[in-house]
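Residue numbers begin at 1 in each chain, while the letters A, B, ... track the order of the sequences. All values below were derived from every heavy atom in this structure, side-chain atoms included, with hydrogens, water molecules and symmetry-related copies excluded.
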Amino acid sequence: MNYWLMKSEPDTFSIDDLKKQPTSWDGVRNYQARNHMKNMSNGDQVFFYHSSCKKIGIVGIAQVIKEAYPDHTSWDPSSNYFDPKSSPENPKWFMVDIEFVRQFSTTLTLASLKENPELESMALLKKGNRLSVMPINEIEWHLINRQTQSN
DNA sequence: GCCAACGTTGGC
DNA sequence: GCCAACGTTGGC
């Protein structure tokens, strides 16, 4: 089992949206993020992170329910995520499906994560980090998870 | 709204 | 293959 963090702008797609139904994580157009998704397995656990919003931070947990498969929006000319270099025969971009697991009673804010010296090495907290899909190591996962309660 | 950091593109 | 220019991300 592996652990991950995925960012989403809640104005576009929030954990409340995920709660209603599983979703396919389409639209990732960054090689590093794509490669991380290709490394995901069914059952992998995901911190769900709200970015670019009022209360930035980890808001809950999701899990992978379908492993990486071609992102069809990449060859759809009407899609915002269209990439002319991708085709059904030779797909360039991939996505996974995730479903809701639980929501934290309070947002584990970015500011509070930064205050924890044990989390210093986290990729998320590195300056200038813009990756929308990143791995979380097991120690970090449990450290963070321990600080949370479910709704 | 600002801007630093980063990834990508394209000319050379 | 280098690197300047550009577009995007995302915290503040």
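The CZ atom of A:R130 sits 7 Å away from the P atom of C:dG10 (whole-angstrom rounding). Summarising the geometry, the separation between CG on A:L131 and C1' on C:dT8 is reported as 14 Å, rounded to the nearest angstrom. Between the P atom of C:dT9 and the OH atom of A:Y31 lies a distance of 15 Å, rounded to the nearest Å. For A:L124 and C:dG10, the CG to C1' distance is 11 Å, given to the nearest whole Å. A straight line from CG of A:N30 to C1' of C:dG7 spans 14 Å, rounded to a whole angstrom. The CE atom of A:M122 sits 16 Å away from the C1' atom of C:dG11 (whole-angstrom rounding). Note: CG (A:D83) to P (C:dT8) measures 14 Å, nearest angstrom. The separation between A:H36 atom NE2 and B:dG7 atom P is 11 Å, rounded to whole Å.
Considering only the side chain of A:K114, C:dC12 comes nearest among C:dC12, C:dG10, C:dT8. In the set B:dT8, C:dT8, C:dG11, the nucleotide with an atom closest to the side chain of A:I56 is C:dG11.
Of the possible polar contacts, none joining the A:K85 side chain to the A:K92 backbone as a donor-acceptor pair under 3.5 Å is found. In this structure a side-chain-to-backbone donor-acceptor pair under 3.5 Å is missing from A:D97 to A:I65. Judged by distance alone, with hydrogens and angles left aside, the side-chain atoms of A:N2 form no donor-acceptor pair with the main-chain N or O of A:D44 at under 3.5 Å.
Within the nucleic acid shown, A:E9 has no heavy atom closer than 4.0 Å to any nucleic acid atom. Residue contacts shown for A:K54 are absent, as no nucleic acid heavy atom lies under 4.0 Å away.
You'll find the side chain of A:W141 reaches within 4.5 Å of the side chain of A:F47, heavy atoms only. The closest side-chain heavy-atom distance from A:P70 to A:W75 is below 4.5 Å.
The side chain of A:K127 contributes no N or O atom lying less than 4.0 Å from OP1 or OP2 of B:dA4. Taking only side-chain nitrogens and oxygens, A:K7 never comes nearer than 4.0 Å to OP1 or OP2 of C:dT9. Side-chain nitrogen and oxygen atoms of A:K85 include at least one within less than 4.0 Å of the OP1 or OP2 phosphate oxygen of B:dT9. Of the side-chain N and O atoms in A:Y49, one or more sit less than 4.0 angstrom from OP1 or OP2 of C:dG11.
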